K.L.:
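Structure incoming, see below.
Within every chain, numbering begins at 1; the chains are lettered A, B, ... in the order of the sequence lines, protein sequences first and strands thereafter. As the structure is a prediction and not an experimental result, all values here were calculated from the model.
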2 protein chains.
Amino acid sequence: MSPDSLPPAIDAETALAHAPPGHKDELRLWLRMLTTTTLIEGEIRRRLRRDFDTTLPRFDLLAALDRAPAGLSLGEVSRRMMVSNGNVTGLAARLVEDGLVERRARPGDRRAQLLRLTAKGRRDFARQSAAHEAWIAELLSGLSAVERGALFRLLGHAKISVRTALPEEETP
Amino acid sequence: MSPDSLPPAIDAETALAHAPPGHKDELRLWLRMLTTTTLIEGEIRRRLRRDFDTTLPRFDLLAALDRAPAGLSLGEVSRRMMVSNGNVTGLAARLVEDGLVERRARPGDRRAQLLRLTAKGRRDFARQSAAHEAWIAELLSGLSAVERGALFRLLGHAKISVRTALPEEETP
DNA sequence: GCTGGATGCTTGAAGCCTAAACTATATCCG
DNA sequence: CGGATATAGTTTAGGCTTCAAGCATCCAGC
């Protein structure tokens, strides 16, 4: 199944393919997961820049807000995006400046601020989102529906495995 | 001990779980792949910082050099790490400054420079690498060997799918 | 009420990362 | 040889990201 005919990019995982055998196969699994994800993510970033002159974090923030019409606080956004709080501060500031997002005080809590998409934000995101979905489908089109289902399920197990092994965080 | 960056349980993929059905399942697959990878990667970064006061990119560069005792040019490193050329310039400079990596001219080509681990670099990396491998095994310990094998194989298909769909890169 | 701890957010320093422009060297080919 | 093209690496501008420190606000219990 390896494309021996075309040895294109030599990534870390490929380089390890001929490493001393008997070594932990968990490591190999992880490296393959990482390179696959990095490959897809890089392509998505490139296309977002090329077609919409935007970035993945901006897209992700818009996506989070698009799914929450009532708005989200900065903290809620940072949890959904799995990034730090301070990160969202700057990201949101740039999107507000560009007129895609608005922030307003949350009634009853003078600490929190609600972020919401503006009309322009909704419009822009709708276009980007459609393209994004098509890109993903294109990139994964080499997998059959059965393979996709199996992969989805196994990744679910992996996710649970990681969350279980993680230092007891809060589970609301 | 509680920085503002700990990822709780509600991530983007989970938030999408109740999205309108009939939507592309490729997108769900991708989001699950991304959150799983992000989860593991974030934990590895945290532990590298905590236990070795280093970062994942530094670790990755050392790993690439460790697998190539004869040394690698900056360009070869950037291809293996799948990052830009300019990125490696700064990364390597910091590692050279810290005495973990040395650079020397490549005989016969005055453009290229070879990077190699110093003795200290080899020593440090050996410790980090052992810990890293154990962490990965720990985080993925919830998967059976069969599941790991299946996941590895499916990710291989996904990788091929992406590389096939990618705009004709160089094929030497 | 008041006070101590939690929560929401911002700031600053440092590192990571990319694209694009640039320099220098190598190589191909007529 | 000499020019065109390719390759190796650096630089720069700008965005992303984290951690740690800090400010303001909220809330629970006294």
K.L.:
Distance check needed: D/dT10 C1' versus B/L115 CG, whole Å only.
P.N.:
14 Å

K.L.:
By side-chain hydrogen bond (donor to acceptor under 3.5 Å, both in side chains), which residues pair with A/R110, not counting sequence neighbours?
P.N.:
none

K.L.:
Where do N or O atoms of nucleotides 25-28 of chain D meet protein N or O atoms at under 3.5 Å, pair by pair?
P.N.:
unit_1	atom_1	unit_2	atom_2	d
D/dT25	O2	A/R111	NH1	3.4
D/dC26	OP1	A/R110	N	2.7
D/dC26	OP2	A/R110	NH2	3.2

K.L.:
Is the shortest distance from a Lys or Arg side-chain nitrogen in B/E43 or A/R163 to a carboxylate oxygen in the other one below 4.0 Å?
P.N.:
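Not counted as a salt bridge, because no side-chain N and carboxylate O are separated by less than 4.0 Å.
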
K.L.:
Please name all residues satisfying side chain to side chain contact (heavy atoms under 4.5 Å, CB included) with A/D66, sequence neighbours left out, ordered by chain then number.
P.N.:
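Partners of A/D66 under the side chain to side chain contact (heavy atoms under 4.5 Å, CB included) test: A/L117, A/R122, A/F125.
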
K.L.:
Could you check how far CG of A/N85 sits from C1' of D/dA24, rounded to whole Å?
P.N.:
14 Å

K.L.:
Compare the minimum distances between each of C/dA19, D/dT18, D/dG9 and the side chain of A/N87, then state the nucleotide with the smallest one.
P.N.:
D/dT18

K.L.:
Rounded to whole Å, how long is the line connecting atom CG of A/L114 with atom P of C/dG8?
P.N.:
12 Å

K.L.:
Measure CG/A/L48 against P/D/dG15 and give the value in whole Å, please.
P.N.:
16 Å

K.L.:
Okay, side chain of A/S78, backbone of A/V88: is any donor-acceptor separation there less than 3.5 Å?
P.N.:
no

K.L.:
For B/E147, which residues count as a side chain to side chain contact (heavy atoms under 4.5 Å, CB included) partner, sequence neighbours excluded?
P.N.:
A/L154, A/H157, B/L143, B/S144

K.L.:
Could you state the CG-P distance from A/L91 to C/dT10, rounded to the nearest angstrom?
P.N.:
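Atom CG in A/L91 sits about 12 Å away from atom P in C/dT10.
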
K.L.:
Nearest nucleotide by nearest heavy atom, which residue falls closer to the 5' end of DNA chain C, A/S73 or A/R45?
P.N.:
A/S73

K.L.:
Kindly point out which of D/dA8, C/dC9, D/dT11 is positioned nearest to the side chain of B/A112?
P.N.:
D/dA8

K.L.:
To the nearest Å, how far apart are B/E76 CD and D/dA8 P?
P.N.:
8 Å

K.L.:
Under 4.0 angstrom, heavy atoms only, what part of the nucleic acid is B/G86 near: base, sugar-phosphate, or nothing?
P.N.:
base

K.L.:
Holding to side-chain hydrogen bond (donor to acceptor under 3.5 Å, both in side chains), I want the full list of residues that pass it with B/T54, two or more places apart in sequence or in another chain.
P.N.:
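Result, side-chain hydrogen bond (donor to acceptor under 3.5 Å, both in side chains) vs B/T54: B/R58.
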
K.L.:
Does B/R111 have any side-chain hydrogen bond (donor to acceptor under 3.5 Å, both in side chains) partners at least two apart in sequence or in another chain, and if so, which?
P.N.:
B/D109

K.L.:
Whole Å only: how far is the CZ atom of A/R46 from the P atom of C/dA20?
P.N.:
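Interatomic distance, CZ of A/R46 to P of C/dA20: 11 Å.
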
K.L.:
Does anything in residues 49-65 of chain A reach DNA chain D, meaning a heavy atom under 4.0 Å, and if so which residues?
P.N.:
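Those residues are A/T55, A/P57, A/R58.
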
K.L.:
Assign B/R103 to base, sugar-phosphate, or nothing according to its heavy-atom contacts below 4.0 angstrom with the strands shown.
P.N.:
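It contacts sugar-phosphate atoms only.
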
K.L.:
What is the distance, to the nearest angstrom, from the CZ atom on B/R79 to the C1' atom on D/dG9?
P.N.:
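One finds 12 Å between C1' of D/dG9 and CZ of B/R79, rounded.
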
K.L.:
D/dT11, OP1 or OP2 - any side-chain N/O from B/T89 closer than 4.0 Å?
P.N.:
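Checking B/T89 against D/dT11: no side-chain N or O falls below 4.0 Å of OP1 or OP2.
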
K.L.:
Could I get the full list of side-chain hydrogen bond (donor to acceptor under 3.5 Å, both in side chains) partners for A/E102, not counting sequence neighbours?
P.N.:
none

K.L.:
B/A70: what forms a side chain to side chain contact (heavy atoms under 4.5 Å, CB included) with it, not counting sequence neighbours?
P.N.:
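With neighbours one apart ignored, the set is empty.
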
